[in-house]
Amino acid sequence: MELLENLNPRQKEAVLHTEGPLLIIAGAGTGKTRVITHKIAHIISLGARPDSILGLTFTNKASDEMKKRVIDLAGISGFRIWLSTFHSFALRILKNEYPKIGRAPFTVFDEDEQLAILKEIIKKLGWEKNIPAPRMILHYIERAKDQLLDPDSFKYHSHAIGDLYREEVSKLYYLYQEELRRNGGMDFGDLLLETVNLFNQNPEILKKYEELFDYILVDEYQDTNFAQYLILKLLGKNKRKVTVVGDEDQSIYSWRGARVENILNFENDWPDCRVIKLEENYRSTHKILECSGNLIRNNRHRRAKELWTKDSGGEPVIYRVFPACRDEARSVCSEILHLIDDENYGAGEIAVFYRTNAQSRILEERMREFNINYRIVGSVSFYERKEIKDLLAYLHLLVNPADDLHLKRVLNVPPRGLGKQTLKKLEDEAGKRNIPILTLLSDSESLDISPKAKKTLTGFWEFMEKVRNAASALSPFQLLEMIVSGSGYADYLESLEGWEARMRMDNVGELLSALKDFEERNQEADLRDFLDSVSLISPYDQYSREGEKVTLMTLHLAKGLEFPGVFITGMEEGILPYRDAVHDPEEMEEERRLCYVGMTRAMKRLYLSSVSSRRLYGISRFSEPSRFLEEAGFEITQVY
DNA sequence: CAGCAACAAAAGTGA
DNA sequence: TTTGTTGCTG
């Protein structure tokens with residue numbers, strides 16, 4: 001049984017416990033992924049059908065990684081395992097089942113699109129002066145969806161608890177949902193919520209999947225929300241061969257609906273469940289473990305758990321203060337060069353973490369200056385770039401001509417001389433006739449607009465028609481090529497000057513190759529599938545392979561990764577912990593966990609730093625070293 | 001309608 | 001400090 005050979009006794013126990021509910025409390029670096037992958041391989045070796053195994057993760061990165069490892073261990077049969085993120089899983093179920101129960105197809109809308117819808121609604125209501133951040137509203141709506149509350153129940157619930165603000169929000173929620181559906185969209189929350197609804201309303205469908213999946217494994221269980229919790233419960237309740245892996249010390253997503261209770265109450269939810277704790281750490285040096293352990297012991301809401309390692313030494317964890325951000329960034333860069341030049345580190349083995357995306361800019365500038373190859377993960381990622389979103393909007397419109405939201409994005413992109421006035425008339429008219437704007441354009445002659453605008457609009461409509469007619473004969477890649485050249489977008493970009501325009505053109509080229517790549521990997525897939533995968537997949541995997549680069553990312557994104565050398569910057573009160581958390585003990589614990597997650601990513605070297613003066617909106621403010629430094633065992637003597 | 005300037009807002013974390 | 005929006009002018 002060579003599958004079990006390289007496992008410690010606890011890990012082995014976890015792998016072998018296949019027939020009932022199992023909770024694996026897996027501290028950072030204790031071989032969690034190893035246990036899951038070995039367990040899946042073990043189940044297959046016992047003769048289970050690969051497609052009777054369902055593995056759920058939180059990021060695509062994690063599921064891809066897991067898939068690779070399972071295939072290594074179990075061979076070709078690994079391909080047929082259901083291994084994906086919760087959201088991709090939900091999408092797959094909905095896509096499979098909706099046609100059968102006569103529900104319309106849909107596309108997945110991302111955050112920008114969600115916000116665009118909300119802003120529009122707020123504008124239409126004329127509320128914009130009174131209502132703060134649409135983001136805030138969206139947050140409420142998303143939390144409602146996590147709780148499976150539709151607009152009506154949300155309103156009822158808010159009324160019942162006497163929350164007037166939420167009652168107001170429920171109106172927006174109602175209109176938001178209506179507008180979202182009218183555009184043929186589903187947001188991330190919908191994917192989960194609608195899957196639960198689908199199962200609840202169609203027992204025969206639920207039964208089918210219940211019977212299909214003999215074994216269910218969930219990674220990062222501490223970050224599941226209520227909807228995800230229910231999906232697991234619905235699918236696993238009869239066979240009860242449910243394995244969840246998690247670590248409450250690494251729960252960092254409560255702000256997007258994750259409920260630590262899910263993992264803390266697992267034993268109550270699944271009676272007779274086995275609990276296995278993994279505490280031997282294989283990742284970090286003793287020094288790093290000591291430091292992070294000191295920190296996390298300050299949290300009260302956790303199970304007793306003590307990580308240990310056979311390693312007995314390691315380099316000291318280093319903490320430094322700097323006068324200002326630029327000094328901090330400069331030090332990080334020169335230390336990175338030192339690691340690369342003198343200690344034989346590869347750039348790819350080093351990561352720099354920060355609490356907020358805004359902190360990345362200064363680091364980025366310094367990295368350029370020092371000629372260090374770097375890559376920023378997250379924030380303004382590839383698919384969030386303007387030119388990419390413009391072109392994707394064309395594709396959305398192609399897939400769904402009723403998608404006014406995306407039409408509005410591209411109607412005057414590239415600039416065609418269509419302004420606000422024209423757009424307003426179009427919207428009004430389309431609203432009056434209750435048809436999509438694009439349909440309206442088929443008959444621009446009848447509209448009350450200038451002859452020039454008519455001509456342009458007809459041209460736009462004819463172009464979209466041409467592409468649509470070609471759609472059946474061409475591959476998604478060819479369609480995108482047609483759009484890039486035919487819409488005038490390529491000419492437009494070329495007419496712009498400067499390196500920025502050139503970079504945007506390069507990005508368009510990359511989008512084309514991404515689509516080509518997708519086509520080759522998914523022979524059956526159509527354009528809609530591509531758009532959906534773009535919504536759910538972070539570009540991390542595709543674009544991370546080229547060259548050895550230092551990784552820059554937020555602490556949140558760092559979870560699940562490991563690097564020989566790690567820098568955590570901005571270790572200051574107000575940043576880490578973030579300022580809003582100072583008054584709330586629960587949030588403070590989450591900030592501490594976030595810091596802990598960052599520290600435990602480090603294998604050999606860990607550097608912490610803070611600055612004594614930080615600029616916010618251009619104004620300098622003094623800041624104090626984070627309380628977490630002292631908790632981790634650093635003596636903070638000198639502040640300014 | 002497009003380009004420019006003055007002005008206001010922004011930055012907490014993400015599938 | 002940087003980025004986005006508004007309102008004016010050609």
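Reckoned from all heavy atoms, side chains included, excluding hydrogens, waters and symmetry mates. Order of the sequence lines sets the chain letters (A, B, ...), proteins ahead of strands, with each chain counted from 1.
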A:Y253 side chain, from C-beta outward: closest of B:dG14, C:dT1, B:dA15
B:dG14

For A:R355 versus A:L576, what's the shortest heavy-atom pair and its separation?
CD-CD1, 3.9 Å

Quick note, A:H556 side chain, CB onward, closest among B:dA2, B:dA15, B:dG14 is B:dG14

Taking atom C1' in both C:dT6 and B:dA11, what distance in whole Å separates the two?
22 Å

Are the charged groups of A:R181 and A:D190 less than 4.0 angstrom apart, N to O?
yes

Out of C:dT2, B:dA15, B:dT13, which nucleotide sits closest to the side chain of A:T554?
B:dT13

Which nucleotide in C:dT1, B:dA2, B:dC1 has an atom nearest any side-chain atom of A:P415:
B:dA2

Check whether any side-chain nitrogen or oxygen of A:T422 sits under 4.0 Å from OP1 or OP2 of B:dC1, and answer yes or no.
yes

Side chain of A:A358: nearest nucleotide among B:dA11, B:dA15, B:dG14?
B:dA11

DNA chain B: A:R615 or A:F58, which has the more 5' nearest nucleotide?
A:R615

Take the protein atom CG of A:L138 and the nucleotide atom P of B:dG14, then report the distance between them rounded to whole Å.
15 Å

What's the shortest heavy-atom distance between A:Y173 and A:L149, and which atoms?
OH-O, 2.7 Å

Taking CD from A:Q421 and P from C:dG7, how many angstroms apart are they, rounded to a whole number?
13 Å

Let me know the distance between NZ of A:K119 and P of C:dG4, rounded to the nearest Å.
10 Å

If you measure only the distance, is there a donor-acceptor pair under 3.5 Å linking the side chains of A:S251 and A:E248?
no

Is the NZ or CZ atom of A:R143 positioned over A:W255's six-membered ring, under 6.0 angstrom from the centre and within 45° of the axis?
no

Rounded to the nearest angstrom, tell me the gap between atom CZ in A:F353 and atom P in B:dT13.
16 Å

Residue met sooner reading DNA chain B from 5', once A:K452 and A:R579 are mapped to nucleotides:
A:K452

Respond yes when some side-chain nitrogen or oxygen of A:N357 is under 4.0 Å from OP1 or OP2 of B:dT13, and no when none is.
yes

By the 4.0 Å heavy-atom rule, please label A:E220 as base, sugar-phosphate, or nothing.
nothing

Nearest whole Å is fine: how far is B:dA15 P from A:M186 CE?
20 Å

Determine whether the aromatic ring centres of A:H556 and A:Y253 lie less than 6.0 Å apart.
yes

Quick check for you: among B:dT13, B:dA11, B:dA15, whose closest atom lies nearest to any side-chain atom of A:L616?
B:dA11

Send over the distance from A:M553 CE to B:dT13 C1', rounded to a whole Å.
14 Å

Minimum-distance nucleotide (side-chain atoms of A:T59 versus B:dC1, B:dG14, B:dA15)
B:dA15

For the pair made of CZ in A:R621 and P in C:dT1, what is the distance, rounded to whole Å?
14 Å

Does A:Q228 reach a base, just sugar-phosphate, or nothing at all? Heavy atoms under 4.0 Å.
nothing

How many Å lie between CZ on A:R135 and P on B:dA9, as a whole number?
17 Å

Under 5.5 Å between ring centres and under 30° between planes: true for A:W255 and the base of B:dT13?
yes

